[in-house]
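To keep things clear, I will list the structure first and then write my remarks on it.
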Amino acid sequence: MTSPGLFISIEGGEGAGKSTVMAALSEALAAAGREVVLTREPGGTPEGEAIRSLLLDPGNQLLPETELLLMFASRAQLVRQLIAPALARGAAVVADRFTDASFAYQGGGRGLDMGRIAELERWAAGLKPDLTFLLDVGVAEGLARARSRGGEPDRIERERGDFFERVRATYLARAAAEPGRFRIIDASQPVEDVRRAVLAALSAWLGARA
Ligand code: Z5A
């Protein structure tokens, strides 16, 4: 699917700092004259947000297959209702996670077949981001940050450290396999340095497209 818009996703493990990066990208893209649409996964539509509640409720015992299919159910709705129309009118869509998260969490973390996930990517998502920022931080540091925010951990946050190590390794492998799309950002740096690195990479990418 080609479009006049820009589709940018932000990925990373727990506490990687996606929220800060979303805000920085939104400001920079608006300053460059783009309409900016911010969204998140799972969620981003009323139906997707209902699916998100099902997915993250610690009271639910979901099978890995159910979890994967719910991620793609939310994504199918989001792409058709929000992302594709926004891209068609030339907007910049910035997504807090997209299909790479399904490869990392359900493929790497849960051990589901990557080929099946790729099939779902083609059928249910039907598009890939143009640019993906992978905010990479050590698992222990990311979990400590996420826990320092307080509140009850959700169903996926309750997983063990080795689950998140597999998630991180899968993200890094995907980034290595697609260097044209991914920018790996060292998210163990102070917030301001992360922000600066992301904005520099965005500016270089936009410059190369112009
Ligand atoms: N999931 C999945 O399994 N499969 C899929 O296909 C998709 C998702 C799409 C919900 O995602 C869950 O769904 C998620 C993956 C799974 N599972 N988990 N667990 P989410 O994105 O909504 O939830 P999250 O990843 O748990 O978000 P998060 O922990 O809030 O991460 P974040 O947004 O990157 O963190 P943050 O809020 O920006 O920062 C966290 C704290 O760290 C905060 O207090 C900051 O002030 C602090 N922080 C941030 N950056 C720094 C730096 N550089 N230094 C020091 N402190 C920092």
Side-chain angles (χ1 to χ4, degrees), residues 1-41 44 71 75 78-79 83 86-87 90-109 114 117-118 121 125-139 141-143 145-146 164-210:
M1 200 184 291
T2 55
S3 72
L6 303 175
F7 183 21
I8 300 175
S9 62
I10 307 172
E11 301 280 357
E14 310 317 290
K18 290 181 281 100
S19 315
T20 313
V21 168
M22 288 283 282
L25 286 176
S26 170
E27 272 173 40
L29 289 161
R34 287 271 176 178
E35 176 199 355
V36 180
V37 174
L38 301 180
T39 191
R40 71 168 179 181
E41 283 211 327
M71 294 294 175
R75 184 164 299 134
L78 181 66
V79 166
I83 297 180
L87 294 176
V93 176
V94 184
D96 183 341
R97 300 192 184 280
F98 198 64
T99 309
D100 293 298
S102 298
F103 283 101
Y105 283 80
Q106 283 67 53
M114 297 288 187
I117 303 175
E121 177 181 39
L127 82 177
K128 268 189 177 193
D130 302 304
L131 176 67
T132 297
F133 289 99
L134 173 57
L135 306 186
D136 182 53
V137 64
V139 169
E141 187 175 345
L143 287 175
R145 284 181 191 171
F164 294 111
E165 292 293 355
R166 292 195 298 279
V167 168
R168 183 183 183 203
T170 307
Y171 268 134
L172 288 169
R174 289 184 66 73
E178 276 189 79
R181 174 165 69 91
F182 276 91
R183 299 292 178 276
I184 303 177
I185 305 292
D186 175 3
S188 67
Q189 306 174 88
V191 174
E192 195 40 49
D193 294 352
V194 172
R195 193 185 138 85
R196 208 172 302 125
V198 165
L199 292 180
L202 175 71
S203 165
W205 182 76
L206 288 173
R209 281 174 67 97

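All residue numbers in this chain count up from 1 along the given sequence.
- One distance of note links OH of Y171 with CD of E11; it measures 3.5 Å at 0.5 Å rounding.
- Between atom CD of residue Q106 and atom OG1 of residue T170 there is a gap of 11.0 Å, rounded to the nearest 0.5 Å.
- Here the closest non-hydrogen pair linking G13 and Y105 is CA-OH, 3.8 Å.
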* Working for side-chain contact (heavy atoms from CB on, under 4.5 Å), residues V194 and T20 -> CA-CA 9 Å; V194 172; T20 313; over 6 Å; no
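- In summary, of the residues considered (F7, F182, W205), a side-chain contact (heavy atoms from CB on, under 4.5 Å) with L131 occurs for W205 alone.
- Nearest heavy atom pair, residue D100 against residue S9, reads OD2-OG, 4.5 Å.
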* For I8 and L202, run side-chain contact (heavy atoms from CB on, under 4.5 Å): C-alpha distance rounded to whole Å, both residues' side-chain angles, the deciding distance at 0.1 Å, then the answer. => CA-CA 10 Å; I8 300 175; L202 175 71; 3.9 Å; yes
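- Using modelled atom types, one finds a donor on one side chain and an acceptor on the other under 3.5 Å when comparing S102 with R75.
- Counting only distance, with no hydrogens or angles, the side chain of R183 and the backbone of G180 share a donor-acceptor pair below 3.5 Å.
- At distances below 3.5 Å, at least one donor-acceptor pair connects side-chain atoms of R97 with backbone N or O atoms of G12.
- Rounding to the nearest 0.5 angstrom, the gap separating the CD1 atom in I83 from the CZ atom in F98 is 4.5 Å.
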* Take V21 and I185 through the test side-chain contact (heavy atoms from CB on, under 4.5 Å) and record every step on the way to the result. => CA-CA 11 Å; V21 168; I185 305 292; over 6 Å; no
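- Shown here are the side chain to side chain contact (heavy atoms under 4.5 Å, CB included) partners of A86, two or more places apart in sequence or in another chain: V37, R89, A91, V93.
- Summarising the geometry of E14 relative to A146, their closest heavy-atom pair is CB-CB, 4.2 Å, with the distance given to 0.1 Å.
- In this structure, R195 contributes its side chain and P190 its backbone to no donor-acceptor pair below 3.5 Å.
- A pairwise comparison of heavy atoms in L134 and A175 identifies CD2-CB, 4.0 Å as the closest pair.
- Between A16 and A187, the closest heavy-atom pair is O-CB, 3.5 Å.
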* **Residues K128, T99; criterion side-chain contact (heavy atoms from CB on, under 4.5 Å); working and verdict** => CA-CA 8 Å; K128 268 189 177 193; T99 309; over 6 Å; no
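- Rounded to the nearest 0.5 Å, atoms CG (L6) and CD (E35) are 11.5 Å apart.
- For L38, the side chain to side chain contact (heavy atoms under 4.5 Å, CB included) criterion is met by M22, S26, V36, V94, not counting sequence neighbours.
- Proximity of a side-chain donor or acceptor of R166 to a complementary backbone N or O of G108 within less than 3.5 Å is detected.
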